[in-house]
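The first residue in the sequence is number 1, and the count goes up from there. In this text, all values refer to a predicted model and were calculated from it rather than measured experimentally.
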Amino acid sequence: MVRRDKRIIDEEPPIATIEGWEDGQPFKRDIHKLDRWALQSADTLTIHIGSYDIVLVQDPHSNYLGGYVWLSSIVFCSYLERLSAKNDRHNWINLNHSKRWVELGSGVGLIGIMLHKLGIEDVTITDIEELIPTMERNVEANDIGVRSIKGRFKNEAEDKFIVVDPLLWGDSEHIESVLSGGEIDYIVACDCIYSEASAIDLVNTMDRLSTINTTIICISEVRNQAAQDMFISEAKARFQLELLPAIQWQKKVQHQVDFDETVNLYRLCKRKKRSKSAKE
């Protein structure tokens, strides 16, 4: 039975094609299931999601958590691809091309690039200054132009682009720069809850970037329960927060990206202020 299952898995389309070095020799191989070690140890990856291929370069030895791909971002991209394929306008995530999306803690830029490939025309990906070159390189590797909010072009001939800008959570100058790009319809943060202190800064930044019309999507693999609890506590003080039942959304993820770990998907939005007449 085990051999049969393995054969079936090997015959399915790969989740990713990875390249790198192993024992001093270059390698290139297909990955058919989520494997954290294999994916994070590669120098170059091509992520295969539905009919889309996304090329990423990364540093397996990066000093920064965002320097390499995280598995929950692949899970979420698969979820987005399925929503797009069904084209259901009644889904809580509206993939209307004109919506403005801002990603926090983009790392290597996978989710932002996926959104662009799904047709979203206004995508901004952000992270700390040190990761900006990686994000720009990955956007360009997928034949997409790069622009900053302040108008600097890296690919002047491109009319389709992703905005890449630095955003240190809590930094007022960075937050104001992102806000200058226009009202935000969706904020997405994937695997950004890793410590109690970072959870507070993350919620503060979400609060300052959002309006009552903004939907905030937070996907997080549960590694540190105290950090999750801090995020929930801080978020509930400022937002309406809903933890979507796993059965509600994970059934829409391609079975090749089954994930053994616990992944929480949160939906947040600001509470609408009650009018004086309503109070009376």
With sequence neighbours excluded, what pairs up with Tyr186 under the ring-ring contact (aromatic ring centres under 6.0 Å, His included) test?
-> Trp101
Taking NZ, NE, NH1 and NH2 as the nitrogens, is one of them in Asp143 or Lys160 under 4.0 Å from a carboxylate oxygen of the other?
-> no
So Val178 and His174, side-chain contact (heavy atoms from CB on, under 4.5 Å) or not? Walk me through it.
-> CA-CA 6 Å; Val178 173; His174 287 173; 5.8 Å; no
Of all heavy-atom pairs between Val253 and Ser78, which one has the smallest distance, and what is that distance?
-> CG1-OG, 3.5 Å
Is there a path from Leu244 to Leu95 through hydrophobic residues (I, L, V, M, F, W, Y) whose side chains come within less than 4.5 Å of each other?
-> yes
Treat each ILVMFWY residue as a node, draw an edge where side-chain heavy atoms are under 4.5 Å apart, and state whether Val55 and Met114 are in one component.
-> no
Between Leu268 and Ala235, the two heavy atoms sitting closest are CD2-CB, 3.6 Å
Result for side-chain contact (heavy atoms from CB on, under 4.5 Å) between Cys190 and one of Val75, Leu104, Ile111 points to Ile111
Expected output: side-chain Asn142 to main-chain Asn138 donor-acceptor under 3.5 Å = yes
Sequence neighbours excluded, which residues qualify as side chain to side chain donor-acceptor pair (under 3.5 Å) partners of Gln240?
-> none
Could you tell me the separation between the CD1 atom of Ile31 and the CD1 atom of Ile74, rounded to the nearest 0.5 Å?
-> 10.0 Å
Begin with the C-alpha distance, continue with both residues' side-chain angles, and end with the deciding distance and a verdict on side-chain contact (heavy atoms from CB on, under 4.5 Å) for Leu110 and Leu56.
-> CA-CA 8 Å; Leu110 172 59; Leu56 300 172; 4.1 Å; yes
In a check of side-chain contact (heavy atoms from CB on, under 4.5 Å) between Ile162 and each of Val146, Ile120, Leu115, Ile113, which one passes?
-> Ile113
At what distance, to the nearest 0.5 angstrom, does OH of Tyr68 lie from CG of Leu39?
-> 13.0 Å
Restricting to pairs with a member in residues 109-126, which pass side-chain hydrogen bond (donor to acceptor under 3.5 Å, both in side chains), not counting sequence neighbours?
-> none
Taking only residues at least two apart or on different chains, which pairs with a member in residues 41-51 satisfy salt bridge (charged side-chain N to carboxylate O under 4.0 Å, His left out)?
-> none
Without swapping roles, check the side chain of Thr214 against the backbone of Ile184 for a donor-acceptor pair under 3.5 Å.
-> yes
Are Met230 and Met206 connected, step by step, through hydrophobic side chains (Ile, Leu, Val, Met, Phe, Trp, Tyr) whose heavy atoms are closer than 4.5 Å?
-> no
Is there a donor-acceptor pair closer than 3.5 Å between any side-chain N or O of Ser84 and the backbone N or O of Glu81?
-> no
Contact summary for Gly119 and His97, nearest pair of heavy atoms = O-CG, 3.2 Å
Partners passing ring-ring contact (aromatic ring centres under 6.0 Å, His included) against Trp169 (at least two apart in sequence or in another chain) = none
With rounding to the nearest 0.5 Å, note down the distance linking CD in Gln248 to CG in Leu243.
-> 10.0 Å
Enter the distance from Ile200:CD1 to Glu234:CD here, rounded to the nearest 0.5 Å.
-> 5.0 Å
May I ask you to decide if Ile175's main-chain N or O and Arg208's side chain share a donor-acceptor pair within less than 3.5 Å?
-> no
Set of residues satisfying side chain to side chain donor-acceptor pair (under 3.5 Å) with respect to Ser198, sequence neighbours excluded | Ser195
Is there side-chain contact between Leu265 and Val263, with heavy atoms separated by less than 4.5 Å?
-> no
Residues Tyr79, Ile219; criterion side-chain contact (heavy atoms from CB on, under 4.5 Å); working and verdict | CA-CA 11 Å; Tyr79 178 62; Ile219 315 97; over 6 Å; no
Donor-acceptor pair, Thr205 side chain versus Gly170 backbone, under 3.5 Å?
-> yes
Can you name the residues that form a side chain to side chain donor-acceptor pair (under 3.5 Å) with Gln58, not counting sequence neighbours?
-> none
Any side-chain heavy-atom pair of Met135 and Glu103 under 4.5 Å = no
Supply the atom-to-atom distance Thr17 OG1 to Asp53 CG, rounded to the nearest 0.5 angstrom.
-> 7.5 Å
Between Ile47 and Cys77, is any pair of side-chain heavy atoms under 4.5 Å apart?
-> no
Salt bridge (charged side-chain N to carboxylate O under 4.0 Å, His left out) contacts touching residues 190-201 (sequence neighbours left out) | Asp191-Arg223
Check whether any side-chain heavy atom of Leu167 sits under 4.5 Å from a side-chain heavy atom of Leu209, and report yes or no.
-> yes
Run through the side-chain heavy atoms of Ile, Leu, Val, Met, Phe, Trp and Tyr, join any pair under 4.5 Å, and report what else lands in Leu168's cluster.
-> Tyr64, Ile128, Leu131
ring-ring contact (aromatic ring centres under 6.0 Å, His included) with Tyr194: which residues, sequence neighbours excluded?
-> none
Any donor-acceptor pair under 3.5 Å from Arg267 side chain to Ile217 backbone = no
Within the distance-only criterion (no hydrogens, no angle test), does the side chain of Asp165 pair as donor or acceptor with the backbone N or O of Ser148 below 3.5 angstrom?
-> no
Do Phe76 and Trp92 belong to the same hydrophobic cluster, where Ile, Leu, Val, Met, Phe, Trp and Tyr are linked whenever their side-chain heavy atoms lie under 4.5 Å apart, directly or via other members?
-> yes
Are Ile125 and Val57 linked, directly or through other ILVMFWY residues, by side chains that come within less than 4.5 angstrom of each other?
-> no
How far does CH2 of Trp70 sit from OG of Ser220, to the nearest 0.5 angstrom?
-> 10.5 Å
Say whether, by atom type as modelled, one donor and one acceptor occur between the side chain of Asp127 and the main chain of Gly107 under 3.5 angstrom.
-> yes
Any donor-acceptor pair under 3.5 Å from Asn94 side chain to Asn96 backbone = yes
Heavy-atom nearest pair, Ser41 first then Pro60, reads O-CG, 3.5 Å
Side-chain touch Phe239/Asp207, heavy atoms, less than 4.5 angstrom = yes
Show the numbers, then the answer: is there a side-chain contact (heavy atoms from CB on, under 4.5 Å) between Ser210 and Ile216?
-> CA-CA 8 Å; Ser210 59; Ile216 302 173; 4.1 Å; yes
Contacts satisfying salt bridge (charged side-chain N to carboxylate O under 4.0 Å, His left out) that involve residues 19-31 (not counting sequence neighbours) are Glu22-Arg29
Phe231: partners by ring-ring contact (aromatic ring centres under 6.0 Å, His included), with sequence neighbours left out | Tyr266
